[in-house]
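Any value given below was found using the heavy atoms of this structure, including those in side chains, with hydrogens, waters and symmetry copies removed. What you see is a predicted model; the values in this text were computed from it and never measured. Naming: A, B, ... by sequence-line order, numbering from 1 per chain.
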Protein chains: 2
Amino acid sequence: MEAETVKRRRMPKAQRMEQMLSVAEEVFAERGYLAASMDEIAERVGVSKPMLYEYFGSKEGLLIGCVHKARTELRTRTEAAIAKASTPEEFLRLGLLAFFEFIAEHTKSWALLRHEASITVPSAQEEVEGIRQQQTDLIASVLSGFAPDIDALEAEAFAEIVVGACERLALWCERRPSVGPALATDYVVNLVWNGVAARIKA
Amino acid sequence: MEAETVKRRRMPKAQRMEQMLSVAEEVFAERGYLAASMDEIAERVGVSKPMLYEYFGSKEGLLIGCVHKARTELRTRTEAAIAKASTPEEFLRLGLLAFFEFIAEHTKSWALLRHEASITVPSAQEEVEGIRQQQTDLIASVLSGFAPDIDALEAEAFAEIVVGACERLALWCERRPSVGPALATDYVVNLVWNGVAARIKA
DNA sequence: CCGGTAGGTTACTCCAAGTAAGTTACGAGC
DNA sequence: GCTCGTAACTTACTTGGAGTAACCTACCGG
């Protein structure tokens with residue numbers, strides 16, 4: 001194993017990139033974006049610092065890469081979960097549960113997503129917002145499917161509310177170890193389900 | 001006026017502090033926390049950079065001061081609004097409306113509050129979280145007042161959900177100029193009110 | 001073995017957060 | 001008006017980390 005590492009100094013680009021993202025996520029999560037240094041990340045990866053720049057362009061580029069990865073994984077996870085749903089309530093419940101379970105299992109990714117506000121490059125902000133919007137678009141379109149009469153703007157607003165509620169509650173759950181994914185899901189559903197149902201019946 | 005400025009270079013500490021906070025809020029909002037420089041803030045205030053450190057200790061200390069101020073103002077505003085409420089729905093509606101109105105009128109303060117995640121000093125994180133918790137505690141205690149049987153943990157969770165929902169929706173409103181404070185308030189109330197009401201009636 | 005390509009390094013620059021050492025505005029008292 | 005002391009202030013500097021210039025080499029195929 002160790003002999004293998006020393007002998008194979010080079011790594012295919014895609015593999016190296018993946019390794020960099022993994023290490024960066026760890027360091028960003030541990031130290032926060034600001035305090036994380038490219039020197040430390042490079043050292044942990046086992047490359048020189050300019051390699052990080054070769055691969056990601058900047059510190060921010062690396063953060064964007066990590067955010068992109070985490071959000072894509074989260075989305076894949078929640079989409080797989082709701083694919084099993086057949087009623088609106090089931091859709092909501094399974095989607096939320098998947099979200100809270102992902103957060104609980106990937107504390108580093110979650111810690112990292114909280115630094116999205118640090119992204120300053122406008123094009124990157126748009127990209128990240130685009131990823132997030134895929135999530136809210138999914139919720140809004142499912143809602144529209146169940147309630148064809150709902151105003152498009154309102155469907156969007158509802159989706160944003162649900163996403164915001166979950167993210168805030170996830171932060172709160174960190175301080176409440178007794179609240180697991182299932183209970184957190186119950187809390188959100190208990191609060192918003194009737195509001196959603198009213199729209200479906202109208 | 002100009003002669004007055006040149007002649008009175010010094011300023012009482014409290015007044016100077018207030019001026020620094022005001023300018024810092026502006027620069028942080030314009031450029032984001034990361035890209036904002038202490039040099040620029042000092043220049044705009046009309047003092048040398050070490051004065052900022054004399055007054056706030058660090059760049060982060062300055063951010064904390066600004067966040068503290070904005071959150072205190074927000075809280076004062078929403079508390080004054082809900083003091084007029086007599087029914088649970090009125091309480092919710094007036095509080096939410098005050099929140100969205102504050103955001104609409106203080107875009108700089110709001111822009112700044114989005115950088116809270118940049119705060120890294122543990123004691124400061126606790127302080128900021130404490131300020132935020134005053135807000136959620138207020139919501140939770142009002143909810144408990146109307147629904148004495150509600151579980152304390154659940155009341156807390158509901159409060160967090162409502163706060164998270166509002167903050168996320170406020171971000172969305174920035175991209176939807178047609179959605180003003182009143183409409184945003186309606187959206188949130190429409191979604192969560194029935195869930196709250198169910199708890200009050202139970 | 002040699003050459004070429006793709007992955008990689010060392011040494012450096014620069015800027016902004018923060019600091020050391022020193023200055024002065026201004027009010028009170030004589 | 002002058003002097004002294006205090007509180008508000010400055011200039012010049014250091015340092016660490018983001019980012020880069022110039023160059024190196026692992027490794028595979030012929």
A:M17 CE - C:dG8 P separation (whole Å): 12 Å
- prompt: Sub-3.5 Å donor-acceptor pair from the side chain of B:H106 to the main-chain atoms of B:F102, do we have one?
  reply: yes
- prompt: Roughly how many Å is it from CE in B:M38 to P in C:dT19, rounded to a whole number?
  reply: 10 Å
message: Under 4.0 Å, counting only non-hydrogen atoms across every strand here, what does A:A36 touch: a base, just sugar-phosphate, or nothing?
response: sugar-phosphate
message: Taking B:V45's backbone N and O only, do any of them form a donor-acceptor pair with B:Q19's side chain (distance below 3.5 Å, no angle check)?
response: yes
message: Nearest whole Å is fine: how far is C:dG18 C1' from B:D39 CG?
response: 11 Å
- request: Would you verify whether the NZ or CZ of A:K59 falls within 45 degrees of the ring axis of A:Y33 while also being under 6.0 Å from that six-membered ring's centre?
  value: yes
Integer-rounded Å distance: C:dA16 P and B:L62 CG: 17 Å
task: Measure from the side-chain heavy atoms of B:R10 and tell me the nearest of D:dC9, C:dG18, D:dG19.
output: D:dC9
field: For atom CD of A:Q19 and atom P of C:dG8, their distance in whole Å
entry: 9 Å
field: Mutual orientation of the aromatic rings belonging to A:F91 and A:F146 [parallel < 30°, tilted 30-60°, perpendicular > 60°]
entry: tilted
message: Looking at B:E43, I want to see if its CD is surrounded by more than 12 non-hydrogen atoms of other residues, nucleotides or ligands under 6.0 Å.
response: no
task: Using a 4.0 Å cut-off on protein heavy atoms (strictly under), produce a 5'-to-3' string for nucleotides 10-16 of chain D with B for base contact, S for backbone-only sugar-phosphate contact, and - for none.
output: BB-----
- prompt: Whole Å only: how far is the CG atom of B:L52 from the C1' atom of C:dA17?
  reply: 11 Å
message: From CG of B:L34 over to C1' of C:dA17, roughly how many Å is that when rounded to an integer?
response: 13 Å
Rounded distance in Å - CD1 (A:I41) to C1' (D:dA18): 11 Å
Of the listed nucleotides C:dG7, C:dG8, D:dC9, the one nearest the side chain of B:R16: D:dC9
task: Establish, with yes or no, whether the OP1 or OP2 oxygen of D:dC9 is under 4.0 angstrom from a side-chain nitrogen or oxygen of B:Y55.
output: yes
statement: Side-chain contact check for A:Y53: nearest option of D:dA8, D:dA18, C:dT19 is D:dA18
- prompt: Among A:E126, A:E160, A:E167, which residue meets the salt bridge (charged side-chain N to carboxylate O under 4.0 Å, His left out) test with A:R132?
  reply: A:E167
field: Contacts of B:E18 that satisfy salt bridge (Lys or Arg N to Asp or Glu O under 4.0 Å) - sequence neighbours left out
entry: B:K69
